[in-house]
Amino acid sequence: MIDLRLLRADPDLVRGSQRARGSDPALVDALLAADEQRRAAITRADALRAEQKATSNEIRGAEPPERIALMEQARALSAKVKEAEAEQAAAEAALREAHLAVPNVAPDAPPGGEEDYVVLREVGVKPDLAKPLDHLEIGERLKAIDTDRGAKVSGARFYYLTGVGALLELALVNLAMAQAVEVGLTPAIVPALVRKEAMEGTGFLGAHAPEIYRLEADDLYLVGTSEVALAARHMNEIIDLSQAPVRYAGYSTCFRREAGSYGKDTRGIIRVHQFDKVEMFSFTTVEESYEEHLRLLAWEEEFLGKLEVPYRVIDVAAGDLGASAVRKFDCEAWLPSQGRWLELMSASNCTDFQARRLNIRARGTDGKPVHVATLNGTLMASTRSIVALLENHQEPDGSVRVPKALQPYLGREVLQPA
RNA sequence: GGAGGGCUCGCCUAGUGGCCGAUGGCGGCGGUCUUGAAAACCGCUAUGGCGCGGAAGCGUCAUCGUGGGUUCGAAUCCCACGCCCUCCGCCA
């Protein structure tokens with residue numbers, strides 16, 4: 001949710017942001033009107049409540065004849081208060097709805113839609129492969145990836161990682177966690193099932209709702225990223241940011257329904273219903289958040305360097321940001337088999353948008369609570385990291401070279417077809 | 001799955017229909033004393049909305065798990081829900 005004070009002070013800024021995102025600027029005016037109506041309703045209800053309270057207090061000391069008259073009066077007021085409170089509740093509900101409809105203000109992101117990203121840099125050299133195999137072909141030869149039986153047991157977009165495939169994932173997790181600890185993130189293993197409040201508070205029940213698995217019998221949701229559990233960890237809290245940002249590296253399985261992506265990336269493990277991920281998450285002040293965002297990106301690139309995979313960094317356009325983010329950088333690895341880039345990581349700065357909904361605050365310099373900024377960034381997404389590794393490090397003989405940084409965690413320098 | 005107990009301001013706790021936003025202790029912050037520290041003593045120590053104000057602030061409303069209800073008036077009475085805990089059973 002955006003800051004209503006900012007909205008009142010500078011509605012044109014918000015309207016401009018809406019246009020840059022390709023969203024409707026009229027939503028801004030609807031929000032302004034709802035805000036106005038809510039405040040008017042509160043003023044009316046407050047006045048009536050005050051009057052009723054005063055009358056009630058008079059009754060306490062009053063003698064019978066006067067007392068009866070006062071009670072009559074109070075009864076009438078009570079009915080009016082009830083009415084005014086219903087109006088207030090309706091106005092508040094309307095405001096909330098209008099409030100949720102307006103995404104975060106993103107003045108720094110490139111304007112436009114999905115295709116309007118800006119490439120910030122390209123790093124590394126694309127491998128020179130005469131006839132590159134795709135990751136599934138390589139993975140099957142290594143007996144590392146088995147999607148056929150994944151489908152037999154669980155359906156499309158499920159898979160088995162076996163042998164070096166399984167070991168590869170564990171090595172990647174360990175490499176990522178080691179880096180996380182080294183730079184000072186708090187390693188965390190988090191719930192993969194969360195309550196509605198956590199899902200809602202992080203904003204995933206809005207546009208993302210069809211993407212989310214829900215367990216009907218228990219009214220719990222399967223997280224699509226540990227961002228949910230990490231962000232919600234401090235919901236309704238005032239946290240201490242006076243010394244340093246609060247930073248986590250959360251490891252969890254991620255579940256995604258992939259509704260609406262039928263026919264897309266159907267081969268292999270590029271787009272799956274379940275994978276494991278190490279996610280970085282920071283709580284900072286809004287002022288610090290822009291710098292923190294670059295820090296998360298730098299840590300992502302550091303990890304990509306260890307994978308020795310060519311990649312590029314893009315500045316995602318406003319229209320493709322998601323409601324919470326003011327800016328998002330994606331790291332995309334080169335995919336030799338398809339001759340295109342594949343999103344491996346994503347770092348978003350949500351400023352105080354998400355924290356306002358989750359009610360997460362910190363003490364400002366004056367001691368008063370202010371909403372914090374939240375940021376999230378992928379450190380290591382298992383399946384796509386494996387895809388990038390297998391394809392970029394494949395050798396003509398079907399073996400796969402293991403990047404140096406990963407060797408100690410995997411215990412070998414090359415993966416040989418079985 | 002069955003049976004109980006509980007949910008009050010960071011923590012513990014008082015409060016069972018009327019100045020209760022709420023008692024007391026601990027912790028925290030500030031001060032007095034001290035060469036310094038401890039002890040002792042004194043003071044301060046929730047949050048949000050709305051209005052006024054440049055601001056400090058002032059006024060007002062709301063909040064005692066959540067939502068309803070009873071009542072002129074609810075932390076206190078009633079109902080529903082949520083959550084936590086304990087015991088039994090079952091499973092890991």
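Each chain gets a letter, A, B and so on, in the order its sequence line appears, and its residues count up from 1.
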* Rounding to the closest angstrom, what is the interatomic distance between B:rG65 and B:rA75 at atom C1'? -> 12 Å
* Structure fact -> Reading nucleotides 45-70 of chain B from 5' to 3' and marking B where a protein heavy atom lies under 4.0 Å of the base, S where only the sugar-phosphate is that close, and - otherwise, the string is --SSBSS---------SS-------S
* Asked: Are A:Arg49 and A:Glu85 close enough for a salt bridge, meaning some N to O gap below 4.0 Å?
  -> yes
* Asked: With the threshold set at 4.0 Å, does a side-chain nitrogen-carboxylate oxygen contact exist between A:Glu291 and A:Arg295?
  -> yes
* Asked: Side chains of A:Met199 and A:Val228: does their closest heavy-atom pair fall under 4.5 Å?
  -> yes
* Checking all strands, does A:Ser78 fall into the base, sugar-phosphate, or nothing category for heavy-atom contacts under 4.0 angstrom? -> sugar-phosphate
* Do the side chains of A:Glu391 and A:Gln338 get nearer than 4.5 Å, heavy atoms only? -> no
* Span that lies between the P atom of B:rU76 and that of B:rU66, in whole angstrom -> 11 Å
* Structure fact -> From CD of A:Glu197 across to P of B:rG82 the rounded distance in Å is 12 Å
* Asked: Under 4.0 angstrom, heavy atoms only, what part of the nucleic acid is A:Arg44 near: base, sugar-phosphate, or nothing?
  -> nothing
* To do: Check the distance between B:rC72's P and A:Met71's CE and give it to me in whole angstrom.
  => 5 Å
* **Close side-chain approach of A:Thr285 to A:Val370, heavy-atom, < 4.5 Å** => no
* P atoms of B:rG30 and B:rG73, separation to the nearest Å -> 46 Å
* According to a strict under-4.0 Å criterion, is A:Ser56 in side-chain N/O contact with OP1 or OP2 of B:rG18? -> no
* Asked: Please, what dot-bracket string fits RNA chain B when only Watson-Crick and G-U pairs with both distances under 3.5 Å count, crossing ones use [ ] and pairs to another strand use |?
  -> ((((((((.[[[..)..(.....]]]((((((.......))))))(((((((....))))))).[[[[[..)....]]]]])))))))....
* Would you say A:Asn104 and A:Gln354 make side-chain contact, with heavy atoms under 4.5 Å? -> no
* Asked: What is the distance from CE of A:Met235 to P of B:rC83, rounded to the nearest Å?
  -> 12 Å
* B:rA22 and B:rC58: how far apart are their P atoms, nearest whole angstrom? -> 15 Å
* C1' atoms of B:rG24 and B:rG15, separation to the nearest Å -> 11 Å
* **Integer angstrom distance from the C1' of B:rA14 to that of B:rC88** => 35 Å
* A:Asn392 side chain near A:Pro336 side chain, heavy-atom distance below 4.5 Å -> yes
* To do: Provide, to the nearest angstrom, the distance between the CG atom belonging to A:Asp219 and the P atom belonging to B:rG82.
  => 10 Å
* A:Asp219/A:Arg214 ion pair, N-O < 4.0 Å -> yes
* So do A:Leu172 and A:Tyr409 actually touch side chain to side chain, heavy atoms under 4.5 Å? -> no
* Between A:Arg157 and A:Glu258, is there a side-chain N and carboxylate O pair less than 4.0 Å apart? -> no
* To do: Output yes when at least one side-chain N/O atom of A:Gln73 is less than 4.0 Å from OP1 or OP2 of B:rC72, else no.
  => no
* Asked: 5'-most contact on RNA chain B: A:Asn57 or A:Gln52, nearest heavy atom basis?
  -> A:Asn57
* Can you tell me, in whole Å, how much space there is between the C1' of B:rG48 and that of B:rC12? => 26 Å
* **B:rU8 to B:rA74 separation - C1' atoms, rounded to the nearest Å** => 14 Å
